[in-house]
Amino acid sequence: MKVFKFGGASIKDVDHIRHVANIVREYSTESPLLLIMSASGKTTNALEKVVENFYNGNSIEALKLFDDIKRQHLDIAKYLLVLNFNVCLEKMVDLFTEVEWLLHDKPVWSYDYYYDQVVCIGELLSTTIISAYFNEAKIGNTLVDVRDVLRTDNNFRDAVIDWQYTAHKTAEIILPAIEKNGIVITQGFIGSTDENESTTLGREGSDYSAAVFSNILNAQELVIWKDVEGVMNADPRKFPSAQYLQHLSYAEAIEMAYYGAQVIHPKTIKPLQNKNIPLYVKCFLDTGLPGTLINSEPVRDLPAILISKENQALVYFKTIDFSFISGHPMNSIQQILEKLQIKPNLVQTEAISMEMCFDDNAKLDTLAQEASVFLEVQLEKGLRLITLRHYQQHDLDNHIQDKDVILLQRTQNTVQAVVR
Ligand code: ADP
Ligand code: ASP
Ligand code: MG
């Protein structure tokens with residue numbers, strides 16, 4: 001059995017969904033398939049805007065934005081479906097009602113709770129439409145609501161999976177359905193608590209869901225279908241000269257993802273490595289291309305790999321009375337970070353000062369404010385974090401030559417620079 005994951009980019013419109021059907025038809029003759037799908041296109045971003053408006057008291061705007069999302073999905077369903085349209089519509093309306101019912105209320109619980117209840121609809125809608133379309137195209141399949149299978153805690157927006165319960169439900173629900181129909185379609189990124197509240201696993205988390213099910217089902221392989229040739233040594237959207245990488249080790253892939261290469265979610269590798277399941281990142285647009293194979297074999301002679309993260313902010317802390325920053329001040333900063341649930345991408349410590357580089361977000365103002373009670377704090381936004389692996393000095397020079405380097409940190413394999 002193989003697990004295939006299709007991201008938002010691969011199911012963004014009618015033509016793409018038809019193309020997915022062709023891929024599935026071709027591969028399902030070779031092997032039973034579990035298909036993990038994301039929300040279509042940029043639906044998750046659009047749903048985030050709905051939640052923001054709802055939580056800020058702009059219910060009317062939230063409902064209006066939600067109407068746009070409804071219309072887009074109804075349009076896709078109308079184009080794809082004839083015979084199955086009414087059945088699909090009924091299911092979609094149930095999903096719409098779930099959200100609208102909530103948006104008509106006043107928020108009384110946490111932002112993260114509402115986020116998960118609303119945002120999960122993206123994946124539920126895309127899979128409902130695609131399953132109906134597959135039925136119409138005579139691709140037999142079972143649609144499973146992953147919230148009946150993937151159990152998590154209630155740490156909304158970054159929920160932690162209960163592996164034991166999820167494995168039990170996978171054996172009870174998913175496995176027999178695959179044996180019956182050969183194809184099961186379910187949602188990535190979402191799950192639910194033991195009180196049936198919806199949860200999400202963190203942005204871009206569908207890759208992780210696919211790896212979790214691959215692990216539990218001892219899949220022969222996981223294929224993540226992308227709009228690129230495979231994993232490249234830089235984001236080809238930002239660096240058109242990026243080179244395709246045919247083979248990577250789990251170790252290299254986890255490092256790349258950890259430093260922010262957006263092509264794979266960082267949590268994806270561990271469940272695969274633990275069961276030695278190969279991961280292929282394959283080109284959705286040209287299935288004849290080999291894609292990138294990621295497995296346990298070490299790979300030598302890799303070219304320099306570049307990961308560039310924009311929208312970074314640097315927080316500079318300094319003790320007020322010349323006491324060392326390690327010890328009490330550092331522990332207190334750590335506590336604030338845990339409370340705000342934010343993690344730095346880079347930390348540099350000196351005797352009486354420390355710098356931390358973060359993805360820019362509103363919580364940094366709270367961090368700066370709370371830390372300024374016991375430290376001198378400065379915050380600079382609009383920066384970029386460049387990470388290079390397997391670099392030669394000239395690679396580094398090329399990438400920083402026309403920039404103002406604020407911080408540079410290097411080990412034998414990796415160099416990171418925060419630049420203006
Ligand atoms: P999906 O919707 O399928 O999850 P994403 O847009 O999240 O797709 O991820 C695919 C994108 O990742 C590519 O279009 C590419 O621009 C970007 N990307 C970033 N880093 C890399 C890399 N090292 N190799 C390949 N693609 C990368
Ligand atoms: N739809 C979710 C997101 O956009 C999950 C995913 O695509 O992996 O973050
Ligand atoms: Mg993605």
Side-chain angles (χ1 to χ4, degrees), residues 4-13 16-17 19-20 23 35-49 51 69 115-116 118-127 146 150 157-159 186-191 198-213 222-248 252-268 279-285 289 291-292 294 302-310 386-390:
F4 281 7
K5 180 256 169 175
F6 292 97
S10 316
I11 52 168
K12 66 178 182 190
D13 57 26
H16 280 70
I17 294 173
H19 189 54
V20 167
I23 294 177
L35 308 178
I36 307 287
M37 306 218 170
S38 304
S40 163
K42 301 279 178 213
T43 303
T44 306
N45 293 359
L47 286 164
E48 283 185 338
K49 291 269 175 303
V51 188
I69 297 168
Y115 180 101
D116 283 2
V118 173
V119 163
C120 70
I121 296 295
E123 272 60 20
L124 293 164
L125 283 171
S126 67
T127 47
V146 84
L150 197 141
R157 289 184 77 180
D158 193 18
T186 197
Q187 304 79 26
F189 176 56
I190 70 173
S198 301
T199 52
T200 64
L201 306 176
R203 283 304 306 262
E204 302 291 331
S206 296
D207 295 348
Y208 178 44
S209 305
V212 168
F213 284 115
L222 166 61
V223 183
I224 296 185
W225 295 90
K226 290 273 172 189
D227 59 355
V228 281
E229 209 178 325
V231 180
M232 325 277 282
N233 72 336
D235 183 345
R237 227 174 337 198
K238 299 179 201 157
F239 302 92
S241 61
Q243 265 172 271
Y244 152 73
L245 305 168
Q246 193 176 5
H247 184 198
L248 285 173
E252 187 59 39
I254 203 169
E255 294 292 344
M256 280 178 76
Y258 173 81
Y259 286 117
Q262 275 173 351
V263 66
I264 310 170
H265 189 282
K267 286 187 185 165
T268 312
L279 165 62
Y280 289 89
V281 176
K282 282 190 58 108
C283 182
F284 163 80
L285 303 164
L289 296 174
T292 301
I294 300 167
L302 282 170
I305 293 176
L306 167 72
I307 301 126
S308 169
K309 277 174 122 265
E310 283 84 40
I386 292 172
T387 304
L388 274 166
R389 290 188 46 80
H390 315 292

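Atoms within each ligand, like the ligands themselves, are counted from 1 in listed order.
Between atom CD1 of residue I305 and atom CG of residue N233 there is a gap of 6.5 Å, rounded to the nearest 0.5 Å. Between atom CE of residue M37 and atom OG of residue S10 there is a gap of 9.0 Å, rounded to the nearest 0.5 Å. Here the CZ atom belonging to F284 is positioned 4.5 Å from the NE2 atom belonging to H19, to the nearest 0.5 angstrom. Atom CD of residue E204 and atom CD1 of residue I264 lie 12.0 Å apart, to the nearest 0.5 angstrom.
The atoms of ligand 1 that sit less than 4.0 Å from any heavy atom of E204 are 4 (O), 7 (O). Ligand 2 places these atoms under 4.0 Å from at least one heavy atom of T44: 1 (N), 2 (C), 3 (C), 4 (O). The atoms of ligand 1 that sit less than 4.0 Å from any heavy atom of A9 are 2 (O). Taking a cut-off of under 4.0 Å to the non-hydrogen atoms of P236, the atoms of ligand 1 that pass are 25 (C), 26 (N), 27 (C). Set against the non-hydrogen atoms of F189, the atoms of ligand 2 under 4.0 Å away are 2 (C), 5 (C). Applying the 4.0 Å criterion to heavy atoms of G7 picks out, from ligand 1, the atoms 1 (P), 2 (O), 3 (O), 4 (O). Near M232, meaning under 4.0 Å from any of its heavy atoms, are these atoms of ligand 1: 22 (C), 23 (N), 24 (N), 25 (C). Annotation for ligand 1: atoms under 4.0 Å from non-hydrogen atoms of K5 are 4 (O).
A pairwise comparison of heavy atoms in A39 and E123 identifies N-OE2, 2.8 Å as the closest pair. Counting all heavy atoms, side chain and backbone alike, T292 lies closest to L245 at OG1-O, 2.6 Å. Heavy atoms only, all atoms of each residue included: L201 and K267 are closest at O-NZ, 4.2 Å.
Considering both main-chain and side-chain atoms, G8 comes within under 3.5 Å of ligand 1 through a nitrogen or oxygen pair.
The single protein non-hydrogen atom nearest to atom 4 (O) of ligand 2 is R203 NH2, 2.9 Å, given as residue, atom name and distance. Looking only at protein heavy atoms, the nearest one to atom 7 (O) of ligand 2 is S38 OG, 3.2 Å. With hydrogens left out, the protein atom closest to atom 17 (C) of ligand 1 is D235 OD1, 3.6 Å, a heavy atom. What sits closest to atom 6 (C) of ligand 2 on the protein, heavy atoms only, is S206 OG, 3.3 Å. Distance from atom 5 (P) of ligand 1 to its nearest protein heavy atom, with residue and atom name: K226 NZ, 3.7 Å. If you check which protein heavy atom lies closest to atom 27 (C) of ligand 1, you get V263 CB, 3.6 Å.
At a 4.0 Å heavy-atom cut-off, ligand 1 touches D227 through the side chain alone.
Salt bridge R389/E252: present, at least one basic N to carboxylate O contact under 4.0 Å. Salt-bridge formation is not detected for the pair E48/K42: no Lys NZ or Arg NE/NH1/NH2 atom is positioned less than 4.0 Å from an Asp or Glu carboxylate oxygen.
Between E123 and ligand 2 there is a heavy-atom distance shorter than 4.0 Å. Using a 4.0 Å heavy-atom cutoff, A242 is absent from the residues neighbouring ligand 1. Residue contact annotation: G8 has no non-hydrogen atom under 4.0 Å from ligand 2.
Considering R237, K12, E229, Q262 only, the shortest heavy-atom separation from atom 11 (C) of ligand 1 involves R237.
Aromatic rings of H16 and F6 (six-membered ring for Trp) have centroids beyond the 6.0 Å cut-off, not under it.
For the residue pair T199/D116, the side-chain donor-acceptor check at 3.5 Å is not satisfied.
The closest approach of E204 to the Mg ion (ligand 3), by N/O/S atoms, is made by OE1.
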- Stepwise side-chain hydrogen bond (donor to acceptor under 3.5 Å, both in side chains) check, S206 with S38: CA-CA 6 Å; S206 296; S38 304; 3.1 Å; yes
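In this structure, I190 and L124 have side chains that are in contact, with non-hydrogen atoms separated by less than 4.5 Å.
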